[in-house]
Amino acid sequence: MRVFAREKIRKTNSLSAKSLHEFSTKAIHVGEEPDLSNSGDVTIPIHMSSTFARKEVTKPSKGYEYSRTSNPTRDALEKRLAAIEDAKFALAFSSGLAAETVLILSLLKKGDHVIAFDDLYGGSRRLFNKVLEKFGLEFTYVDARETKNVEKSIKKNTRMIWIETPTNPLMKICDIRAISKIAKRHRMLTVVDNTFASPYFQKPLKLGADISLHSTTKYINGHADSIGGAIMLNDKEIYELLKFHQNAIGAVSSPFNDFLVIRGIETLALRMERHEKNAKAVAEFLESHRKVKKVYYSGLKSHPQHKLAKRQMSGFSGMISFEIKRGLKEAKRFLESVKLFSLAESLGGVESLIEHPALMTHASIPKNEREKIGISDELMRISVGIEDIDDIIADLRQALNKV
Ligand code: P1T
């Protein structure tokens with residue numbers, strides 16, 4: 001019996017991110033190898049303790065001293081996050097915006113300049129302009145679909161290029177490989193907010209980016225029941241700097257939320273396949289509806305960057321935006337007529353959500369700026385859930401009939 005147990009220990013201990021190659025296997029096993037010398041939990045326990053006892057004054061017993069600095073449940077999540085993004089390192093934060101804040105405060109200083117895609121989550125632009133500019137950082141927004149717009153905006157003090165692709169909310173695509181090349185040539189860092197694609201469909205680090213960032217609140221957790229953020233990267237020096245600031249600033253995720261995100265990741269591959277399948281059907285339905293003016297979905301052949309999306313993503317994800325023909329009043333009527341969809345901010349959960357960017361997620365961007373980017377009053381964004389596709393389309397159809 002003892003021999004059997006030891007054999008099993010050896011077997012389970014051999015599971016590591018390095019020895020596992022396929023996404024779904026890593027998403028289920030990395031960070032949760034059962035420790036058979038202890039209780040052998042198959043799922044990682046939620047270590048709620050804020051502090052850890054030690055025997056010797058100067059040496060934490062198992063490397064843990066205080067949960068802001070590190071925590072076994074967070075460690076498990078960070079290992080898994082690194083594994084699913086094929087990254088060497090990952091760090092987990094209390095929100096996507098906390099991850100962004102720690103990233104910028106760790107790597108930039110007063111007087112530094114950032115070039116950012118002009119179509120970004122409204123909260124990211126609010127963070128940049130209303131918070132970080134106060135500390136002497138400078139941001140320039142460009143339409144990064146044209147790589148030359150990025151190159152043209154480089155200044156002596158430019159240190160970072162910040163992109164989303166697909167963007168929130170207009171699903172614009174930029175060329176991660178080409179932009180990363182420019183950044184390298186000018187010794188700048190490329191940060192990709194990979195929230196909309198998820199690590200299942202896009203791996204920015206493999207395309208040359210330095211940092212991949214996520215709001216884990218969205219697809220990675222996938223059940224609309226926790227707020228969190230993550231940074232994945234390969235550079236050890238930058239990782240150590242970020243790890244220092246994660247502790248020094250303190251915007252860490254809670255062990256309970258870490259547990260939820262670990263559990264969410266286990267079904268990420270299955271969920272993303274279904275999100276995409278449903279989204280394709282919804283995009284085609286909307287595109288063929290006479291009351292719909294325009295559909296924004298990179299999986300449609302009519303999307304101006306469909307080919308680039310196909311090249312750098314392995315799937316098109318579940319986010320769609322669209323405009324109806326009859327103005328704000330009718331858009332509001334449509335939004336208030338859906339029944340299966342919840343009219344709510346956020347995205348990436350199993351349930352279908354719908355929202356109005358100009359009045360909700362992107363309301364903090366001045367109207368003239370919004371219009372310049374293309375966020376009109378008729379624009380609506382949907383996060384297609386994994387419910388039965390017939391029910392999803394029936395709900396959209398009945399709401400369109402009310403317009
Ligand atoms: O909400 P939080 O976990 O802090 O993540 C911020 C964030 C960062 N990046 C992208 C691309 C995002 O979409 C978000 C959050 N977005 C929404 C809440 C939304 O409804 O678009």
> Where do Lys280 and Glu284 land on the salt bridge (Lys or Arg N to Asp or Glu O under 4.0 Å) test, with the steps shown first?
Replying inline: CA-CA 6 Å; Lys280 273 187 178 156; Glu284 281 162 17; over 6 Å; no
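To the nearest 0.5 Å, atoms OG1 (Thr195) and NE2 (His214) are separated by 6.5 Å.
In the model, Thr43 has no side-chain atom that pairs as donor or acceptor with a side-chain atom of Asp41 under 3.5 Å. Asn168 and Arg381 form a side-chain donor-acceptor contact under 3.5 Å, judged by distance and modelled atom types alone. Ser376 and Glu371 share no side-chain donor-acceptor pair at under 3.5 Å.
Note on Arg311 versus Asp175: salt bridge recorded, some NZ/NE/NH1/NH2 to OD/OE distance being below 4.0 Å. By the 4.0 Å N-to-carboxylate-O rule, Lys367 lies close enough to Asp377 to be salt-bridged with it. Contact check on Glu151 versus Arg185 returns a salt bridge, with a Lys/Arg side-chain nitrogen under 4.0 Å from an Asp/Glu carboxylate oxygen.
Under the 6.0 Å cut-off for aromatic ring centres, Phe52 and Tyr66 do not qualify, their centroids lying 6.0 Å or more apart. Ring centroids of Phe139 and His113 are separated by 6.0 Å or more, keeping the two rings apart. Separation of the Tyr239 and Phe244 ring centroids does not fall under the 6.0 Å cut-off.
Under the 3.5 Å distance criterion, the side-chain polar atoms of Glu378 are left unmatched by any main-chain donor or acceptor of Glu323. Side-chain N or O atoms of Arg177 include none that pairs as donor or acceptor with a backbone N or O of Leu207 at under 3.5 Å. Panel note: side chain Asn71, backbone Pro255; no donor-acceptor pair is recorded below 3.5 Å. When atom types are taken as modelled, the side chain of Asn234 and the backbone of Asp210 share no donor-acceptor pair closer than 3.5 angstrom. Although no hydrogens or angles enter the test, the distance criterion places no donor-acceptor pair under 3.5 Å between the side chain of Glu355 and the main chain of Leu343. Not one N or O on the side chain of His303 forms a donor-acceptor pair closer than 3.5 Å with the backbone of Ile173.
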